[in-house]
Amino acid sequence: MRRILELPLLVVLSGVGSLAMLLPAAHAAAFSNFVVARPFFYGAIMFFLLSVLVGIATSNFRPRLVARSQLAALVGAYIWLPILFAIPFDQAVKDTTFTNAWFEMVSSFTTTGVTQYDTPARLSPSLHLWRALVGWLGGFFVLMSAVAILAPLNLGGVEVLSGRVPGRGAKGAAQITHAAGPADRMIRHSITLFPAYFGLTLVLWVLLLMAGETGMTAFCYALSTLSTSGITNGQPMSTAAGGLLSEVLVFVFMSLALTRRSMPGAVLTDRNRPIFDDHEVRLAAFFLILVPGLLFLRHWLGALAADDVLNVRAAFNALWGGLFTTMSFLTTTGFESADWQDARQWSGLNSPGLVLVGLAMMGGGVATTAGGLKLLRVYALARHGEREMERLVHPTSIGGGGDSERQLRQGGAYVAWIFFMLYAMTFAIVVAALSLRGLGFEQSLVLTVAAVTTTGPLAVMASEVPLRMIELSLSEKLILGGAMVVGRVEILAILALLSPGVWRR
């Protein structure tokens with residue numbers, strides 16, 4: 001096992017991705033859909049053999065700079081693997097182009113979940129399974145890279161707690177190069193993370209089957225919930241056969257993306273803090289109360305329908321629809337509750353897209369499968385702002401909370417602000433690029449937020465007129481594909497890869 005994982009990371013990932021093609025091949029063969037089964041089966045054999053040959057050729061390769069090599073492999077995985085995944089997909093869908101297949105796989109592997117094939121019948125069930133499976137593998141890769149590659153380099157949100165320079169520091173690149181080799185970290189974290197990730201997916205699948213969902217629908221829901229990709233087999237969550245029970249089950253498992261403490265082996269620099277006192281959990285609870293509460297209370301602030309004042313069922317549906325959808329977009333999953341329309345009508349907001357955009361931009365917890373700015377960074381900026389307002393009233397006051405809280409309000413907030421500015425610059429660049437290609441400002445903004453925050457369903461739900469990905473030009477899809485990769489890897493990691501400090505180590 002160690003000898004295999006000592007191979008270049010891209011070789012290992014290519015081998016795993018090749019073997020994953022056997023699942024849709026077997027599924028399609030079981031239903032005698034050999035037009036779909038053959039490309040995936042042949043692709044699995046061909047790409048696995050190619051990975052073995054490249055692995056043999058590079059078995060003695062030892063990079064001089066391991067930190068740089070790991071960061072480069074992380075970025076390279078999001079460039080190479082979608083191409084690998086798109087080849088059998090393109091062969092199985094006869095009326096598409098390779099660009100469309102590549103865009104679909106980038107969207108799936110980055111857990112964005114936006115699809116060009118808005119007519120579910122255009123793709124066979126095996127292809128829907130492949131999209132959800134690629135998203136699930138992408139979610140696990142996010143967890144692995146967060147704890148095995150980004151955390152030792154003070155990236156991925158860990159820099160807010162550690163107080164060290166992202167990409168460098170006393171325990172940054174030195175740790176990744178000397179204290180523990182890549183193979184050791186990959187083995188340790190795989191043994192810890194994968195059983196939990198796989199087990200939770202299996203548990204949710206079984207529970208959804210018990211709730212009344214069909215096998216394939218429940219399986220896709222389970223895969224996309226744990227990976228926060230929001231990919232389904234064409235049946236959206238709002239039409240789930242299990243109704244409210246299915247939504248409650250998905251809601252509970254979506255909450256795992258709110259904090260890194262939900263998975264074993266998480267990055268814990270504040271181990272002594274109870275989970276209910278965790279900064280991310282408390283901030284998420286605040287938004288889960290605030291947003292549905294405001295949508296619910298707005299009913300009595302001018303959007304009131306007189307016959308609904310005492311309608312308890314309508315009130316419950318509206319409250320649950322707001323709560324579920326808030327959780328879904330805060331974790332960047334993108335599921336829509338069956339009661340979301342009731343919540344919109346109850347609040348009087350025909351298209352509360354700005355609310356969903358704001359939730360997706362904040363995102364979930366660090367070192368989780370969620371995208372966005374991340375709750376810990378938002379919390380650090382909020383505490384810094386709170387402290388600055390206190391100093392306006394009491395200039396000589398001393399902030400409490402201990403060393404960790406002071407570090408979070410000062411150094412942590414400083415790094416979070418830098419990331420926020422880079423985040424805003426990324427939005428500005430992508431919006432400008434799409435606008436130059438002829439898209440309107442609103443369309444460009446919604447597509448940019450959906451891509452960078454890896455919350456694909458925003459393209460449908462945040463705009464008054466749902467945007468169709470299939471109508472975008474080649475250049476627009478390339479821009480959005482690049483934005484998805486940047487949003488998933490995070491701009492700080494890309495800058496750290498280009499930093500001379502990392503290259504000299």
Side-chain angles (χ1 to χ4, degrees), residues 99-100 102-104 106-107 110-118 230 287 291 294-295 298 325-326 328-336 340-341 343-344 347-363 370-374 377-378 381 417-492 494-495:
T99 302
N100 289 341
W102 169 82
F103 183 84
E104 198 76 13
V106 171
S107 172
T110 58
T111 71
T112 303
V114 64
T115 181
Q116 304 162 99
Y117 308 102
D118 45 11
F287 286 119
V291 175
L294 289 178
L295 292 176
R298 192 181 184 278
T325 308
T326 297
S328 177
F329 280 85
L330 189 61
T331 58
T332 67
T333 305
F335 283 143
E336 177 185 356
W340 175 238
Q341 297 299 325
R344 291 171 54 181
S347 67
L349 296 174
N350 293 328
S351 180
L354 189 61
V355 175
L356 302 180
V357 166
L359 290 170
M361 289 181 66
M362 282 184 291
L373 182 62
K374 301 299 176 61
R377 294 187 178 110
V378 176
L381 291 173
W417 176 251
I418 292 175
F419 183 86
F420 177 78
M421 294 304 297
L422 293 172
Y423 201 61
M425 290 176 60
T426 303
F427 277 101
I429 292 172
V430 178
V431 169
L434 291 174
S435 298
L436 289 174
R437 298 307 306 163
L439 288 178
F441 175 77
E442 181 182 351
Q443 291 178 314
S444 300
L445 181 61
V446 171
L447 289 173
T448 298
V449 175
V452 177
T453 63
T454 66
T455 316
L458 269 178
V460 177
M461 296 182 61
S463 179
E464 292 187 4
V465 179
L467 304 176
R468 300 189 69 218
M469 299 295 108
I470 197 68
E471 298 176 353
L472 299 178
S473 65
L474 172 61
S475 58
E476 290 163 350
K477 290 177 183 178
L478 292 176
I479 293 170
L480 289 175
M484 293 177 199
V485 173
V486 172
R488 185 75 277 179
V489 178
E490 291 194 353
I491 188 65
L492 271 181
I494 296 176
L495 291 179

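Sequential numbering from 1 along the given sequence is applied to the chain's residues. Heavy atoms only: backbone and side chains are in, while hydrogens, waters and symmetry mates are out. Source: prediction; values computed, not measured.
- Within a 6.0 Å radius of CZ in F287, other residues, nucleotides and ligands contribute more than 12 heavy atoms.
- A distance-only check finds a donor-acceptor pair linking the side chain of S328 to the backbone of G334 [under 3.5 Å].
- Under the salt bridge (Lys or Arg N to Asp or Glu O under 4.0 Å) criterion, R468 pairs with D118, E471, sequence neighbours left out.
- Taking each heavy atom of L422 and L492 in turn, the nearest pair found is CD1-CD2, 3.8 Å.
- A heavy-atom distance below 4.5 Å is found between the side chains of L478 and W102.
- With values rounded to the nearest 0.5 angstrom, L445 atom CG is found 6.5 Å from T448 atom OG1.
- Residues satisfying the side-chain hydrogen bond (donor to acceptor under 3.5 Å, both in side chains) criterion with R377, sequence neighbours excluded, are E159, E490.
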Does L472 form a side-chain contact (heavy atoms from CB on, under 4.5 Å) with L467? I'd like the steps, not just the answer.
CA-CA 9 Å; L472 299 178; L467 304 176; over 6 Å; no
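- Annotation: ring-ring contact (aromatic ring centres under 6.0 Å, His included) contacts of Y423 (sequence neighbours excluded): F419, F427.
- Across every non-hydrogen atom of T112 and A450, the tightest pair is CG2-O, 3.7 Å.
- Taking CG of L474 as the reference point, atom CD1 of I479 lies at 10.0 Å (rounded to 0.5 Å).
- Between M469 atom CE and L480 atom CG the span is 7.0 Å, to the nearest 0.5 Å.
- Residues satisfying the side-chain hydrogen bond (donor to acceptor under 3.5 Å, both in side chains) test with T325, not counting sequence neighbours, are none.
- Of all the heavy atoms in R488 and T454, the pair that sits closest is NH1-OG1, 4.0 Å.
- For Q116, the side-chain hydrogen bond (donor to acceptor under 3.5 Å, both in side chains) partners are E104, K477, not counting sequence neighbours.
- Among residues two or more places apart in sequence or in another chain, the side-chain hydrogen bond (donor to acceptor under 3.5 Å, both in side chains) test is passed with T332 by none.
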When you look at V486 and V430, which way does the side-chain contact (heavy atoms from CB on, under 4.5 Å) test go after all the steps?
CA-CA 11 Å; V486 172; V430 178; over 6 Å; no
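- With rounding to the nearest 0.5 Å, the separation of OG in S444 from CG in L436 is 9.0 Å.
- Minimum interatomic distance between L434 and L447 (heavy atoms only, all atoms of both residues): CD1-CB, 4.2 Å.
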Between V114 and M484, does a side-chain contact (heavy atoms from CB on, under 4.5 Å) hold up when you go through it step by step?
CA-CA 10 Å; V114 64; M484 293 177 199; 3.7 Å; yes
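- Considering every non-hydrogen atom in both L458 and A360, the closest pair reads CD1-CB, 3.6 Å.
- Across T453 and M361, no two heavy atoms sit closer than the pair CG2-CA, 3.8 Å.
- The structure places CG of L381 at 7.0 Å from CG of L373, a figure rounded to the nearest 0.5 Å.
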Does the side-chain contact (heavy atoms from CB on, under 4.5 Å) test come out yes or no for F329 and V291, once each step is laid out?
CA-CA 11 Å; F329 280 85; V291 175; over 6 Å; no
